[in-house]
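Below: the structure, in structure tokens.
Sequential numbering from 1 along the given sequence is applied to the chain's residues.
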Amino acid sequence: MDPAGGSDSVISADGKFILTSSRRSGVSAIWMYSIADRTWSQVTDGQGGDREPAWSPDSRRAVFVSGRDGQTDLWIVDIATRAIRRLTNDAVEEEYPAWSPDGRLIVFTGGPWKNRNFFVVDPDSGPPRAVLHDSGNVGACSFGGDSARLICHSYDSELGNLIEIDITSGNFRRLTRVDRWYYKPTQSPDGRWIAVTDIGDDGERIRFLPHIAPATDVMPAPILSGRWPMFLAGDDRLFYHRQIDNGVELQLFDRISGTTEAIPVGAWMPGRGSLSPDHRLIGYCAVDAAGRSRIFVHDRDAGTRQLIELGADACFPAWSPDGRLLALTIKQGERWEVGLVDRDGSNLRILTSPDSRYHFLNGPLSWKLDGRQVAFAAVTKPYESNIFLVNVASRRIDHVSQGAWYDEGPSFSADGESIAFMSTRGGNWTWGLFSLKLSDGAISTMLAPELVERRFPVRHGADLYWLESNVCLNTTMLAVRHGSQPPQMHAEFSGLKWFEISADGRYLLTTTSSRRTEFWMLDLATAF
């Protein structure tokens, strides 16, 4: 387990060492963990936000992505000496490197956003060459066992499919015909199986497919909670990792008195909360040790807590402007939908149903001040999400933000005429805050896109609030801009996962969290 772990982890061919990106030193660097000794050692200095390491087959070297020298390139580090050298030097924006089993090639993904290609490069000489004849929406690759083939994911349909590419010719064939969000596939050493991360409503799960064409569906079991699987060569083991968000506490901060009230959540892990307009009730989502997600309502006056039993997983509660209703997301079969209950938790009705315009939703909800509509974000394609509105009375769904961007965290303005949201529409996966005018669909920039992660904007009067990442510390904090003044960062709210400002501006309801990375090994002989 690494409490400062990043999103990239790989294991050496002999199963003895783990390479991962970590902020144990305060910046993103490559670290190595000895499984036998249970010790950590730093491999790179992290001068360029080093990430996405990949072992060479002999475990003597590793390739990684770094932004040192002002651009994103591939670098190679000698594990014994820690000496590094540059492998690529271009404007391709490299990511997702992987080494071939024979050690002669490294594959990576590069190119402008939505116009990317797979490239291969000799680790000792270069230069890189494109693999596919045409660039497009592509993800990540790993090598097949013979080093002549690539197993990749490509977003050539609504969500995407797996493809197999001949490196020499650039020709490919589809391995799957199921429209799912598969990610970072890897093939077993004997060539029989493909393990892949399946991203959906329930987060990231590892699933298995037989290496045949066309595979119509994944194997029914096993299904693992985790990401980025990796088979160990010549062994019946699968390495993967999980990123775990721990809800630490749910608190209500009184901005007038400066006092903080802790909301008791018992053994449950708290998620996003919502304060009723009269300040008496706090609805919040919480998860138990078995992974069940439930809605609770805490009564501040009585000091009691009520479980809203809906017969299914539910999250993201949001009080209506009059305090009579509670909107929420609820799992219906394999999908999450927007639901509604009365103040006491009774009379559940589902406002949305399977809609071809989006694939899944499960994020924060926002009410229009007149109580007639609820805004939500939903995934339309891989790395694409738009803002939708559902009418509470008619249940009509309007698609209000368009385009091949990732829009999330909608929040109605006080007058109900516009919606604030985060979007990557600055290009190249940058984060900006925008405002959508509902009368004509015009979008204006509130905070220009940058590489810094900014999420969940909320306007209150002339002030704009949002969550902003602290890149060095791998945490988030509350940011606020008063009118046209420069943004201010509130370090006292470091570690924020969710927040809500009461309608009158007096209270700030916060959920703080911490994230850790867990490393896991699966014995495949017992799994199948």
Side-chain angles (χ1 to χ4, degrees), residues 1-68 72-88 94-101 103 105-109 121 123 140-143 183-186 189 195 197 206 226-235 237-244 474 515-522:
M1 183 186 71
D2 181 6
S7 62
D8 319 297
S9 305
V10 289
I11 196 167
S12 57
D14 58 14
K16 294 181 179 180
F17 298 96
I18 295 171
L19 280 181
T20 186
S21 61
S22 178
R23 290 183 172 85
R24 301 175 67 86
S25 60
V27 295
S28 180
I30 308 302
W31 284 71
M32 183 170 65
Y33 180 74
S34 170
I35 296 176
D37 299 336
R38 298 185 178 182
T39 56
W40 289 96
S41 59
Q42 190 168 347
V43 177
T44 69
D45 55 20
Q47 292 184 11
D50 305 337
R51 59 195 184 276
E52 298 177 11
W55 286 103
S56 63
D58 60 10
S59 301
R60 295 181 179 180
R61 297 181 291 174
V63 62
F64 63 96
V65 176
S66 179
R68 59 186 68 207
T72 303
D73 286 305
L74 298 184
W75 295 71
I76 290 181
V77 59
D78 184 289
I79 298 298
T81 66
R82 301 298 200 257
I84 68 169
R85 64 176 177 85
R86 193 179 208 141
L87 178 60
T88 62
E94 291 88 343
E95 61 182 347
Y96 309 140
W99 223 298
S100 64
L105 291 174
I106 291 172
V107 64
F108 65 92
T109 307
V121 59
C141 287
S142 64
F143 281 89
Y183 200 69
K184 285 200 173 182
T186 181
T197 304
I206 295 172
R227 47 161 42 190
W228 308 178
M230 179 180 176
F231 289 98
L232 270 71
D235 205 341
R237 291 184 292 172
L238 185 82
F239 172 78
Y240 61 98
H241 72 275
R242 296 174 178 170
Q243 286 197 306
I244 308 296
N474 192 28
R515 170 174 286 187
R516 70 178 186 269
T517 299
E518 299 177 347
F519 307 103
W520 288 75
M521 191 80 76
L522 173 69

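- Residues Phe519 and Met1 share a closest heavy-atom pair of CD1-N, 4.1 Å.
- Minimum interatomic distance between Trp55 and Trp99 (heavy atoms only, all atoms of both residues): O-CB, 3.3 Å.
- Smallest separation of non-hydrogen atoms from Gly103 and Pro123: O-CG, 3.5 Å.
- Inspection of the Ser59 and Ser12 side chains reveals no N or O donor paired with an N or O acceptor under 3.5 Å.
- Using modelled atom types and a 3.5 Å distance limit, the side chains of Glu94 and Thr88 yield a donor-acceptor pair.
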Please walk me through it: do Ile206 and Arg227 pass side-chain contact (heavy atoms from CB on, under 4.5 Å)? CA-CA 6 Å; Ile206 295 172; Arg227 47 161 42 190; 5.7 Å; no

Going through the distances and angles, do Arg86 and Asp73 end up as a salt bridge (charged side-chain N to carboxylate O under 4.0 Å, His left out)? CA-CA 8 Å; Arg86 193 179 208 141; Asp73 286 305; 2.7 Å; yes

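- At a threshold of 4.5 Å between non-hydrogen side-chain atoms, the residues Val77 and Ile30 do not count as touching.
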Would Ser22 and Arg51 count as a side-chain contact (heavy atoms from CB on, under 4.5 Å) if you check the C-alpha gap in whole Å, the side-chain angles of each, and the deciding distance to 0.1 Å? CA-CA 8 Å; Ser22 178; Arg51 59 195 184 276; over 6 Å; no

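- Between Trp228 and Tyr183, the ring planes lie tilted relative to each other; the angle falls in the 30° to 60° range.
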Could you go through Val121 and Leu87, starting from their C-alpha distance and side-chain angles, then the distance that decides it, and tell me whether this counts as side-chain contact (heavy atoms from CB on, under 4.5 Å)? CA-CA 9 Å; Val121 59; Leu87 178 60; 3.9 Å; yes

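- Both cation-pi conditions hold for Arg68 and Trp75: the charged atom is under 6.0 angstrom from the six-membered ring centre and inside a 45 degree cone around its axis.
- The only member of Arg23, Arg38, Arg24, Arg242 that meets salt bridge (charged side-chain N to carboxylate O under 4.0 Å, His left out) when paired with Asp2 is Arg24.
- Residues Asp50 and Ser66 have side chains that bring a donor and an acceptor to within less than 3.5 angstrom of each other.
- Ile84 contributes atom CD1, which lies 7.0 Å from atom CD of Gln47 (distance to the nearest 0.5 angstrom).
- Counting all heavy atoms, side chain and backbone alike, Thr109 lies closest to Ala140 at OG1-CA, 3.9 Å.
- Closest approach of Ser28 and Ser21 over heavy atoms only: OG-CB, 4.2 Å.
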How far apart are the C-alpha atoms of Ser41 and Arg82, what are their side-chain angles, what is the distance that settles it, and do they pass the side-chain hydrogen bond (donor to acceptor under 3.5 Å, both in side chains) test? CA-CA 11 Å; Ser41 59; Arg82 301 298 200 257; 3.3 Å; yes

Run the numbers on Ser9 and Tyr240 for side-chain contact (heavy atoms from CB on, under 4.5 Å), then give the verdict. CA-CA 8 Å; Ser9 305; Tyr240 61 98; over 6 Å; no

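- A heavy-atom distance below 4.5 Å is not found between the side chains of Val43 and Trp31.
- The 12-atom threshold is not exceeded at CZ of Arg60, counting heavy atoms of other residues, nucleotides or ligands nearer than 6.0 Å.
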